Protein chains: 4
Amino acid sequence: MITERRRGPQRSESSRQAILTAAAHLLIEHGYDHLTVEGIATEAHVGKQTIYRWWPSKAAVIADALAEGLLIPEVVIPPDSGDVRADLRVWFLTIFGFLGIPGNETLLRSLVVAATSNDDVAVRLDERLGLWQALSGRLESEQVDALLGGLVVRALRGGTLDENFAERLIATVIR
Amino acid sequence: MITERRRGPQRSESSRQAILTAAAHLLIEHGYDHLTVEGIATEAHVGKQTIYRWWPSKAAVIADALAEGLLIPEVVIPPDSGDVRADLRVWFLTIFGFLGIPGNETLLRSLVVAATSNDDVAVRLDERLGLWQALSGRLESEQVDALLGGLVVRALRGGTLDENFAERLIATVIR
Amino acid sequence: MITERRRGPQRSESSRQAILTAAAHLLIEHGYDHLTVEGIATEAHVGKQTIYRWWPSKAAVIADALAEGLLIPEVVIPPDSGDVRADLRVWFLTIFGFLGIPGNETLLRSLVVAATSNDDVAVRLDERLGLWQALSGRLESEQVDALLGGLVVRALRGGTLDENFAERLIATVIR
Amino acid sequence: MITERRRGPQRSESSRQAILTAAAHLLIEHGYDHLTVEGIATEAHVGKQTIYRWWPSKAAVIADALAEGLLIPEVVIPPDSGDVRADLRVWFLTIFGFLGIPGNETLLRSLVVAATSNDDVAVRLDERLGLWQALSGRLESEQVDALLGGLVVRALRGGTLDENFAERLIATVIR
DNA sequence: AAATAAACGAGACGGTACGTCAGGTCTTAGA
DNA sequence: TCTAAGACCTGACGTACCGTCTCGTTTATTT
């Protein structure tokens, strides 16, 4: 197979990385509103045009940063142990651990806003959370909606996210 | 007892109404981003300062517009018929009816973004949706979270919102 | 007569002065190209919009700075002594004195470029030079053209501007 | 004598021509400001670097375009008939003919701006106009300055350029 | 013939400035 | 003293070009 290569300079991988890293950092630090393309460009030591050349909007940059794992670490998707409730318990505790880190509640709000405004972000966020992959075929879609939605609503309301809540939410939705 | 009245003109009720109406109209028309204080002021034939004098942010204006019922009509909260599932079924269909109106999916996104960014909006939105009032004492909090979260996640994903989905979500969460 | 006054704040005279002063300074310092609206705004401690609100282009700002005498000092127009050649001799020497100051040859180039590109600047520059006022009615228009044009062409070519040249140019054109 | 030839391809004459032609066309069409190196490169189907490799600035490109006769056609310099005034009359009418073509007044402004900003352009423009060649040794330098300057000042002011004006300017300066 | 090197078209890069929009504050005249 | 109007400074938007640099190709001269 012939790899068709353009003539002329290739896209700079180092700039791409710098942009995504800067965007992730600024999102975590200052939130989605307050996130500016100029700020990203400055922090990444990059021209603004280099961002606009490759991404249509700052939301698209965030979507890529998500996909690269710069915002949410790889969620451990437990192997199918056969016991769905046990698998879910592990998943919830992982998420809770992440959300328990100071500042990450703000990050969650930013990501919800971004995902609500931009479908790409929504898709990447879903991938990151890994709930669908973990449960594909093992649960009905409305069960997944209820689990994920219940978690997010609880978190945004500032409710406590502990083992007890996980237990009760799982018990509510499964069976 | 003497009612202490300030000297000078009082707050103009007509301006207040004009501002809330304009804000609601512009939110529905153009979405939460693209909603600007200047735009509201212009549409309401009001000085910008008149907005800033009485509200700290555009989110606060939206919170008031919500409270006044300018964004979501009064949700019919069915009387406690004794049958929680039947009551929920009515509630879901009312909400689905509202979300089915063209443009209201965009409004939902705007409201989710606003509520995620601002607690006042979140509180007013909850009031409007009426789920908590309807079910206070009749369901566990994680059940309400699961129902509301499930609905919102489904709607934001663009999934179909019909009687069948309501039925299955209710069946999942209750019992 | 009733002076109809707008409601709201008036134009800030201090900002206007700061803008014109900054523009004059930057033009003298760096030349017409290299003169930027952003630079003027920064030096004048003024928002860019305040410039764009009142002037359509940087050329218009320069036209006003010229009119205010911030670029070329009041040219002494000698009273009509009856002897046109003597009056012209004084005028030329005044101009030569101005052009002899280091940096002012660059300023001349900037002004010629600005005047060539923008009619307002041309009119204000003419006013400042005062040749027309001084000689209205005493010379034919082609004589004035020849005197002014001859001076400018000579100056732009870098030719020496001294009493001798003035004498010869006057002798050429008058009589 | 050995012609020292580099190894590798020679400068492309077709690219050089395309660049000068494009520059001339764009200058005539859009004026000196609005003339961009990128625009020239695009119109000439040439890489930007090919321009920067051979010319230090866009002014230098214009100087070459002038020298090639792409902006001002060959001015017919009348043979020395012995009658300077008659020779000048012919020269003026030729120039007036050129300036009378619609769009060429704009071109004149562009050329004056370019010549004022860049000495090479000034030299090439002088060559093109041919006034100096025509009159070398027959007139004093201040006479040439007065003739050329008078013409340019008149033209830039938008004054009419006709036989009558030529006659009077010549009469003013010669004798 | 192979190796070498410069010129070419394309266009990505870090930047500067553009002209516009909006934010939140301040000022004025009128009610 | 509240209001409508709107000027002010600030800062971000998305675009246009700058002048430099980097590719992969083409072409002409050594070796």
Side-chain angles (χ1 to χ4, degrees), chain A residues 5-12 14-16 18 34-42 44-54 56-58, chain B residues 6-12 14-16 18 33-42 44-54 56-58, chain C residues 4-12 14-16 34-42 44-54 56-58, chain D residues 4-12 14-16 34-42 44-54 56-58:
Chain A
R5 278 259 247 156
R6 261 207 326 90
R7 191 145 60 144
Q10 266 68 51
R11 176 171 187 179
S12 158
S14 69
S15 290
R16 191 180 147 277
H34 304 130
L35 179 67
T36 67
V37 175
E38 288 205 333
I40 297 170
T42 301
H45 299 295
V46 141
K48 247 200 295 187
Q49 200 58 48
T50 301
I51 298 178
Y52 284 111
R53 186 162 19 241
W54 301 109
S57 64
K58 69 180 182 182
Chain B
R6 272 189 317 82
R7 195 156 41 161
Q10 267 69 49
R11 175 172 189 179
S12 156
S14 69
S15 289
R16 191 179 149 278
D33 35 346
H34 304 130
L35 179 67
T36 68
V37 175
E38 285 202 338
I40 298 171
T42 301
H45 298 295
V46 139
K48 251 200 292 186
Q49 195 57 245
T50 302
I51 299 178
Y52 282 112
R53 199 180 345 260
W54 303 109
S57 65
K58 70 180 182 184
Chain C
E4 188 68 57
R5 282 257 247 155
R6 264 202 324 87
R7 192 145 61 148
Q10 266 67 52
R11 177 173 187 178
S12 157
S14 69
S15 289
R16 190 179 148 278
H34 304 130
L35 179 67
T36 67
V37 175
E38 288 205 334
I40 298 171
T42 300
H45 299 294
V46 140
K48 249 198 295 185
Q49 198 59 46
T50 301
I51 298 179
Y52 283 111
R53 186 164 17 243
W54 301 110
S57 65
K58 70 181 181 182
Chain D
E4 188 70 56
R5 282 259 246 154
R6 271 193 318 83
R7 182 147 62 152
Q10 267 67 52
R11 176 173 187 179
S12 158
S14 69
S15 290
R16 191 180 147 277
H34 303 131
L35 178 68
T36 68
V37 175
E38 287 203 334
I40 298 170
T42 301
H45 299 294
V46 140
K48 252 199 293 187
Q49 196 58 245
T50 302
I51 298 179
Y52 282 111
R53 190 174 307 131
W54 302 109
S57 64
K58 70 179 181 183

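The structure displayed is predicted, hence computed values, not measured ones. Scope of the values below: all heavy atoms of this structure, side chains included, with no hydrogens, waters or symmetry mates. In what follows, chains are A, B, ... by sequence order, proteins preceding strands, each numbered from 1.
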Apply side-chain contact (heavy atoms from CB on, under 4.5 Å) to the pair B:W54 and B:R11, showing each step before the final yes or no.
CA-CA 9 Å; B:W54 303 109; B:R11 175 172 189 179; 3.3 Å; yes
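Here the shortest heavy-atom pairing between B:I51 and B:V37 reads CD1-O, 3.8 Å. Among all heavy-atom pairs drawn from D:K58 and D:L35, the shortest one is NZ-O, 2.9 Å. Between A:A44 and A:A18, the shortest heavy-atom distance links the atoms CB-O, 3.5 Å.
Partners of D:S12 by side chain to side chain donor-acceptor pair (under 3.5 Å), not counting sequence neighbours, listed by chain and number: D:S14, D:S15. Residues satisfying the salt bridge (charged side-chain N to carboxylate O under 4.0 Å, His left out) test with B:K48, not counting sequence neighbours, are B:E38.
A straight line from CZ of C:R7 to P of F:dA5 spans 6 Å, rounded to a whole angstrom. Rounded to whole Å, atom C1' of E:dG24 lies 13 Å from atom CZ of B:R53. We find that CG of B:D33 is positioned 17 Å from P of E:dC21, with the value rounded to whole Å. For the pair B:I40 CD1 and F:dA5 C1', the interatomic distance rounds to 17 Å; values are reported in whole Å. Whole-Å rounding puts the C:I51 CD1 to F:dC9 C1' distance at 12 Å.
Residue D:S15 places no side-chain N or O under 4.0 Å from the OP1 or OP2 atom of E:dA7. Side-chain nitrogen and oxygen atoms of A:W54 include at least one within less than 4.0 Å of the OP1 or OP2 phosphate oxygen of E:dC13.
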For each nucleotide in nucleotides 10-17 of chain F, reading 5' to 3', give B when a protein heavy atom comes within less than 4.0 Å of its base, S when such contact involves only the sugar-phosphate, and - otherwise.
B-SBBBBB
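Of the two residues contacting DNA chain F, namely A:G8 and C:R11, the nearest-nucleotide position lying further toward the 5' end is that of C:R11.
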